[in-house]
Amino acid sequence: MSNNRRPAYLPIVIIAVVSIAITAAVIMWFKPDNTRMATAQPVSSALTNEADATLSTALDNGQVVQTTAAQNQSLFVTGLEHLPRSLQGTQIDGEIIIDENKQLVVTEGLRRLFDYFLSALGEEDEAVIYARVESYIRHHTPEPAASQTVAIFDQYITYLKAITEIEQRYGNLQLQAAKSGELDLNVVAQQKQDVAKLRQQYFTKETITAFFGAEEEYDDYSMEMVRINQNQQLTDVEKEATRQNYISRMPDNALKAGITQQANLNELMNRTKQMQAKGATAQELYNMRRDLVGAPAAARLARVDAEDANFAQRFDQYQAQKQRLLNQSADKTQAQTQINQIEQQLFGEAERKRLVGYAALQQQNSANLE
């Protein structure tokens, strides 16, 4: 289980963050001491040493800690002692990668590591989190990579605080633009420029690419899709052709693969709905799905169709018996008892939770057909 929550002051610049795999000619370094090799494993919350005991006293049942810098320095050895509740039982997200010369190789995974610990802001004081992260870095990383990592963490913290002002300033402008019914791309573009300048102020070009490259690429894609959609000079057919042309010219990477997959899913849903409305057979649906998403997915969808059909049949049976009992019985309490018994006979526990919502959906679909 991985916890990727971000603290309140993290930038909200894009709609979604696309995870990418970054390949580098690097090696992971671990101390010979086996206790230092569990950098990516779930961490026990049991107190195992004097530092744990000290921290257990300092952390009052998960409340925010207020301590001095000197106290913070002595709280941790590994940085993993007595994790806050939101991180307990989770797997550490991210990585510290170094090359054969023990120089830090900055990756997107390093930013995820920082965000993993920063997500506990509110449960722990900022100074405690900083001490925890620095201890974690120095315990698991040799020099000079350790000091290089701590320096980037310093920059990252300062950057996150500085970007808050930009987000607040442009947030109001974007809200006003949204009320008019369209996103003001000029405002978005100016915000991107200001964010880019801020990143250049705190980070090297290599760090910017590693930390924010995927976000920037998705930003560009999202803005282009909005620009195409808002272009009143294009017909719907021309808009779709323009979108496909843009996507086809994108580099072959995780973002393009994700966009293509989503497009296939949208096409799958639309074509499934159309074919079902025309009374397509199960084999015809399977063939269409196999061509779009492959045989394994098509087989899984066929099983889902069968399960849905079975549920719908039992639901119709249930509704008929329920309505008959309500119409014929003068004792409504007794009728409801019998209805409950029918529910238990026809549906499992999880299925019974679906009944109210499924009935409402059926009524809505019937109303739409009238």
- Item | Contacts of E238 that satisfy salt bridge (charged side-chain N to carboxylate O under 4.0 Å, His left out) - sequence neighbours left out | none
- Query: How would you list, by chain and number, every residue that makes a salt bridge (charged side-chain N to carboxylate O under 4.0 Å, His left out) with E349, sequence neighbours excluded?
  - Reply: none
Treating [X] as the side-chain partner and [Y] as the backbone partner, does any N or O pair qualify as donor plus acceptor under 3.5 Å?
| X | Y | answer |
| --- | --- | --- |
| R132 | E81 | yes |
| R352 | F347 | yes |
| S147 | E143 | no |
| K322 | E343 | no |
| K256 | P251 | no |
| N101 | Q103 | no |
| E124 | I129 | no |
| K102 | P142 | no |
| S222 | Y218 | yes |
| E123 | P84 | no |

- Query: Do other residues, nucleotides or ligands put more than 12 heavy atoms under 6.0 Å from Q313 CD?
  - Reply: no
Salt-bridge test for [X] and [Y]: reply yes if a basic N is under 4.0 Å from a carboxylate O, no otherwise.
| X | Y | value |
| --- | --- | --- |
| E351 | R354 | no |
| R111 | E95 | no |
| R289 | E284 | no |
| E307 | R303 | no |

- Which is it for L255 and I259 under the side chain to side chain contact (heavy atoms under 4.5 Å, CB included) test, yes or no, and what are the steps along the way? CA-CA 6 Å; L255 174 58; I259 293 170; 3.9 Å; yes
Do [X] and [Y] pair up side chain to side chain, a donor and an acceptor below 3.5 Å, judged on atom types alone?
| X | Y | value |
| --- | --- | --- |
| D194 | Q190 | yes |
| R314 | N310 | yes |
| Y156 | D115 | yes |
| Q323 | N327 | yes |
| Q191 | E167 | yes |
| Q283 | N287 | yes |
| S329 | Q334 | no |

- Give the C-alpha distance, both sets of side-chain angles, the deciding distance and a yes or no for side chain to side chain contact (heavy atoms under 4.5 Å, CB included) between L104 and I97. CA-CA 6 Å; L104 176 69; I97 295 181; 6.0 Å; no
State, to 0.1 Å, how close [X] and [Y] come at their nearest heavy-atom pair, and which atoms those are.
| X | Y | result |
| --- | --- | --- |
| K239 | N229 | NZ-O, 2.9 Å |
| K332 | L326 | NZ-O, 2.8 Å |
| L87 | T90 | O-OG1, 2.6 Å |
| I98 | A145 | CG2-CB, 3.4 Å |
| A312 | Y358 | CB-OH, 3.4 Å |
| Y286 | A295 | OH-CB, 3.7 Å |

Between [Y] and [X], is there a side-chain heavy-atom distance shorter than 4.5 Å?
| X | Y | value |
| --- | --- | --- |
| Y221 | I247 | yes |
| E216 | T209 | no |
| E206 | V106 | no |
| F114 | F211 | yes |
| L301 | L285 | no |
| L268 | M288 | yes |
| E108 | R112 | yes |
| Q276 | D305 | yes |

- How are the rings of Y159 and F212 set to each other: parallel, tilted or perpendicular (split at 30° and 60°)? tilted
- Item | Geometric class of the F311/F315 ring pair [parallel <30°, tilted 30-60°, perpendicular >60°] | parallel
Any chance you could measure [X], atom [atom1], to [Y], atom [atom2], to the nearest 0.5 Å?
| X | Y | atom1 | atom2 | result |
| --- | --- | --- | --- | --- |
| Q91 | Y116 | CD | OH | 8.5 Å |
| E267 | D291 | CD | CG | 11.5 Å |
| S248 | R243 | OG | CZ | 13.5 Å |
| L325 | Q336 | CG | CD | 9.5 Å |
| I157 | I152 | CD1 | CD1 | 13.0 Å |
| Y130 | S135 | OH | OG | 10.0 Å |

- Task: Verify side chain to side chain contact (heavy atoms under 4.5 Å, CB included) between D220 and Y246, making sure each step is shown before the conclusion.
- Result: CA-CA 11 Å; D220 294 339; Y246 180 88; 4.1 Å; yes
- Task: Quick one: list whatever passes side-chain hydrogen bond (donor to acceptor under 3.5 Å, both in side chains) with Q200, sequence neighbours left out.
- Result: none
- Item | CA sep, side-chain torsions, deciding dist, call: F76, Y136, ring-ring contact (aromatic ring centres under 6.0 Å, His included) | CA-CA 8 Å; F76 304 102; Y136 179 88; over 10 Å; no
- Query: Does V187 share a hydrophobic cluster with I163, counting links as ILVMFWY side-chain heavy atoms below 4.5 Å and allowing steps through other members?
  - Reply: yes
- Message: If you apply the rule salt bridge (Lys or Arg N to Asp or Glu O under 4.0 Å), what do you find for R227 with E224, and how did you get there?
- Response: CA-CA 5 Å; R227 184 178 290 108; E224 187 61 26; 2.9 Å; yes
- Item | Verdict with supporting geometry, H139 and L80, side chain to side chain contact (heavy atoms under 4.5 Å, CB included) | CA-CA 10 Å; H139 186 77; L80 301 176; over 6 Å; no
- Item | Result of checking L118, I92, D93 against L113 for side-chain contact (heavy atoms from CB on, under 4.5 Å) | I92
